[in-house]
Amino acid sequence: MNIAVFVSGKGTNLEAIIAAVKAGTLKVNVSVVVSDVKDCFALTRARNANIKTLTFNPKDFKTRIEFDKVVIKALEEHNIDLIVLAGYMRLLSPFFVNKFKNRIMNIHPALLPSFKGTQGIGDALDYGVKVTGVTVHFVDAGLDSGPIILQEALKIKDEDTEESLAERIHKIEHRIYPEAVRLFAEGKLRIEGRKVRSKL
Ligand code: GRF
């Protein structure tokens with residue numbers, strides 16, 4: 001199975017996936033890492049692991065559809081079976097999502113449908129919830145709204161700061177994201193409407 005990992009930032013989830021592949025617990029081929037930010041650290045991680053990288057900046061294209069078509073063509077050339085969004089800070093268009101229907105995953109640092117958007121960790125802390133967590137879900141055309149694959153909760157402590165909470169959230173992410181990709185690769189995920197059944 002060929003996967004493409006989409007990144008915009010630090011790439012710690014990419015690193016966790018690479019580590020799982022190296023350890024042999026995740027049997028996929030990370031064919032390409034795609035970014036919209038040419039100098040993000042995630043690309044350095046990919047290069048260090050000898051993984052091909054591609055950068056596409058939407059600003060270099062006249063229209064969204066042109067951008068989408070170029071990215072889709074590159075993915076098709078690499079025979080990509082699954083797109084793994086790992087800190088990719090862009091909403092995918094309905095056209096793009098439709099091309100890879102039920103073959104795009106995302107990880108979100110909160111318990112969806114709570115605290116959607118880019119500030120999931122801080123928003124949960126500011127709201128004062130006592131429990132937050134991590135969600136891995138399939139991507140549909142909405143914002144953080146597709147069918148949920150895996151979730152794990154953690155308790156917020158009175159003394160938590162955004163940094164301390166983020167540290168615990170990321171630890172969970174790095175464990176459950178490779179796991180979700182593994183379930184997909186082994187054909188163990190079945191989508192029924194909003195529900196994802198996993199044959200474990
Ligand atoms: C993670 O917290 C993920 O939940 C969110 O973006 C962050 C990416 O971190 N979607 P990294 O680039 O994988 O370190």
Side-chain angles (χ1 to χ4, degrees), residues 3-23 26 28 30 32-49 51 53-57 82-92 96-97 100 103-127 129 131-156 160-184 196:
I3 72 167
V5 183
F6 279 40
V7 296
S8 304
K10 283 199 293 189
T12 62
N13 281 285
L14 166 67
E15 192 79 57
I17 289 167
I18 293 171
V21 171
K22 276 194 187 140
L26 177 59
V28 299
V30 185
V32 65
V33 170
V34 176
S35 179
D36 59 334
V37 180
K38 77 171 184 334
D39 45 12
C40 68
F41 191 62
L43 288 176
T44 305
R45 294 185 198 265
R47 288 188 200 109
N48 289 343
I51 298 167
T53 62
L54 293 171
T55 303
F56 300 106
N57 184 344
L82 175 70
I83 297 170
V84 177
L85 305 183
Y88 185 67
M89 299 305 281
R90 252 167 225 289
L91 201 57
L92 302 175
F96 188 98
V97 170
F100 287 89
R103 294 192 293 137
I104 311 173
M105 272 184 197
N106 183 41
I107 189 156
H108 183 74
L111 291 177
L112 292 174
S114 290
F115 309 114
K116 294 179 177 183
T118 58
Q119 307 298 323
I121 301 175
D123 287 348
L125 195 62
D126 291 347
Y127 194 91
V129 290
V131 172
T132 186
V134 175
T135 304
V136 180
H137 62 96
F138 282 111
V139 172
D140 62 13
L143 172 67
D144 298 328
S145 59
I148 291 170
I149 301 165
L150 292 176
Q151 277 188 313
E152 190 168 312
L154 86 165
K155 283 190 178 155
I156 296 182
D160 261 327
T161 60
E162 197 167 328
E163 290 67 41
S164 66
L165 182 58
E167 203 179 307
R168 298 209 301 291
I169 294 232
H170 293 320
K171 266 200 191 124
I172 296 175
E173 289 186 340
H174 301 158
R175 179 161 43 75
I176 74 170
Y177 213 6
E179 174 67 7
V181 176
R182 183 182 71 77
L183 290 172
F184 183 95
V196 181

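Every number for a ligand or one of its atoms is a count from 1 in the order of the listing.
Asp160 pairs by the side-chain hydrogen bond (donor to acceptor under 3.5 Å, both in side chains) definition with Ser164, Arg168, not counting sequence neighbours. By the side-chain hydrogen bond (donor to acceptor under 3.5 Å, both in side chains) test, Thr53 is found to be paired with no residue, residues two or more places apart in sequence or in another chain being considered.
In summary, of the residues considered (Glu167, Glu173, His174), a side chain to side chain donor-acceptor pair (under 3.5 Å) with His170 occurs for Glu173 alone.
Using a 4.5 Å heavy-atom cutoff, the side chains of Val5 and Ile18 are not in contact.
A 6.0 Å sphere centred on NZ of Lys116 holds more than 12 heavy atoms belonging to other residues, nucleotides or ligands.
For a heavy-atom separation below 4.0 Å, the residues in contact with ligand 1 are Lys10, Gly11, Thr12, Asn13, Gly87, Ile107, His108, Pro109, His170, Glu173.
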Less than 3.5 Å apart, which donor and acceptor atoms pair up between the side chains of residues 132-139 and the rest of the protein, not counting sequence neighbours?
| unit_1 | atom_1 | unit_2 | atom_2 | d |
| --- | --- | --- | --- | --- |
| Thr135 | OG1 | Ala110 | O | 2.7 |
| Thr135 | OG1 | Leu112 | N | 3.0 |
| Thr135 | OG1 | Gln151 | NE2 | 2.9 |
| His137 | NE2 | Asn106 | ND2 | 3.2 |

